[in-house]
Amino acid sequence: MSHPVPAEWAPHKAMWVGFPSHAELWEDNLAPARAETAALAKALAGLGREHVKLLVQGPEARQAADGLLEGFPNIEIIDGRFGDIWLRDTGPVFTAPGAAAAFSFNGWGEKYRLEGDEAVAEQLASGAKLVRHSFVLEGGAIDHDGAGTVVTTRQCLLNPNRNLGWREADAERALAAALGVRKVLWLDQGLMNDHTDGHVDNVARFVAPGVVACPASYGEDDPNAAVYDAVARALAGFTDAEGKPLEVARLPSPGRLMSGDHRVVPASHMNFVIANEAVVVPVYDARAGAWAVEALEVLFPRHKVIGLPARALITGGGAFHCITQQEPG
């Protein structure tokens with residue numbers, strides 16, 4: 001069994017960020033998604049004290065990234081190859097400084113197969129020892145406490161469109177061998193209309209040893225109110241790998257956010273990214289976003305909490321945590 005994956009709040013050598021590079025995927029949202037990504041990169045490299053590795057594909061995207069970020073300290077723009085920017089899922093999980101694990105990626109259950117995504121893990125793990133595993137796993141499907149406890153959802157990890165026939169015991173054995181997992185905390189469902197089939201990084205995140213955050217509904221018409229309450233009840237009954245009860249903290253959700261085709265959008269303040277000295281949270285509604293920032297300031301007293309717009313990024317299906325991957329150091 002491997003050593004447990006470091007918690008996201010452990011020190012980082014670098015933070016990878018995917019830069020929107022495919023006009024055919026983003027269409028009218030390309031420019032605003034690039035602006036949101038550039039703002040995230042600046043926050044990570046600035047107050048976050050990260051060495052940002054911004055992955056771009058193609059000369060046009062390189063030129064756009066240079067225009068937005070050239071000369072900004074601690075941001076390295078790297079030419080690469082990828083299907084889209086969701087590096088949390090297509091890239092490796094760094095298991096220790098200089099070591100990473102790569103998994104099979106099947107386009108979130110064969111829904112979005114994009115050329116280049118199969119090449120992401122090797123690019124991000126350049127210079128690190130990369131161990132490949134044959135089972136399907138996305139980084140956003142699990143969240144780590146740094147001591148061998150992970151939280152996940154049955155909706156995603158046991159979905160037959162990932163690893164056919166998997167039961168809880170099968171998943172637990174695989175995670176123990178690959179990532180040093182000692183205990184899996186099983187939630188049921190993720191967000192409505194989440195094309196990832198319920199990634200946990202939209203509904204539950206470890207924020208400190210023994211402390212896990214989850215959403216609380218915002219507004220009377222919050223479409224995920226029942227899911228949030230079920231998650232909070234489940235977490236309150238869990239213990240970690242050491243047998244200690246978890247402390248549960250709740251952040252306001254963004255409430256009901258609708259797309260142009262009148263579908264509920266799977267937006268979440270839980271999709272924040274933890275940098276060395278900052279936490280950057282996606283914001284969709286000014287009031288709900290301000291409350292989420294205040295709640296995170298209590299949970300991260302030694303970090304600067306920054307709320308940044310992510311309405312363009314969510315049109316692609318994700319936000320800040322989805323487009324980043326930390327490299328421990």
*Residue D28 excluded, over 12 heavy atoms near CG under 6.0 Å*: no

*Please name the pair of heavy atoms, one in G318 and one in C322, separated by the smallest distance, quoted to 0.1 Å.*
CA-SG, 3.8 Å

*Residues sharing L130's hydrophobic cluster, by side-chain heavy-atom contacts under 4.5 Å among ILVMFWY, directly or via others?*
none

*Using side-chain contact (heavy atoms from CB on, under 4.5 Å) as the criterion, list what pairs up with Q63, not counting sequence neighbours.*
none

_Near-ring test H195/Y112, centroid separation under 6.0 angstrom_ = yes

*Can you check ring-ring contact (aromatic ring centres under 6.0 Å, His included) on F135 and W166, steps first, answer last?*
CA-CA 10 Å; F135 62 92; W166 257 23; 5.5 Å; yes

*Can you tell me if NZ on K244 sees more than 12 non-hydrogen neighbours from other groups inside 6.0 Å?*
no

*Which residue pairs pass the side chain to side chain donor-acceptor pair (under 3.5 Å) test with at least one member in residues 141-161, sequence neighbours excluded?*
D143-R205, D145-T149, R154-E168, R154-D188, N159-N161, N161-D197

_Just to verify, what does R49 make a salt bridge (charged side-chain N to carboxylate O under 4.0 Å, His left out) with, not counting sequence neighbours?_
none

Show the atom names and distances, to 0.1 Å, of all donor-acceptor pairs under 3.5 Å that link a side chain in residues 286-299 to residues at least two apart or in another chain.
none

*Which is it for R88 and H321 under the side-chain contact (heavy atoms from CB on, under 4.5 Å) test, yes or no, and what are the steps along the way?*
CA-CA 7 Å; R88 179 72 51 178; H321 198 244; 3.3 Å; yes

*Kindly state whether the ring of F206 and the ring of W9 have centres lying under 6.0 angstrom apart.*
no

*Do F82 and T90 pass the side-chain contact (heavy atoms from CB on, under 4.5 Å) test, and can you show the C-alpha distance, the side-chain angles, and the key distance before you say yes or no?*
CA-CA 9 Å; F82 54 92; T90 59; 5.9 Å; no

*What do you reckon, are the aromatic ring centroids of F272 and F320 less than 6.0 Å apart?*
no

_Pairwise side chain to side chain donor-acceptor pair (under 3.5 Å) hits with a residue in residues 119-134, at least two apart_ = none

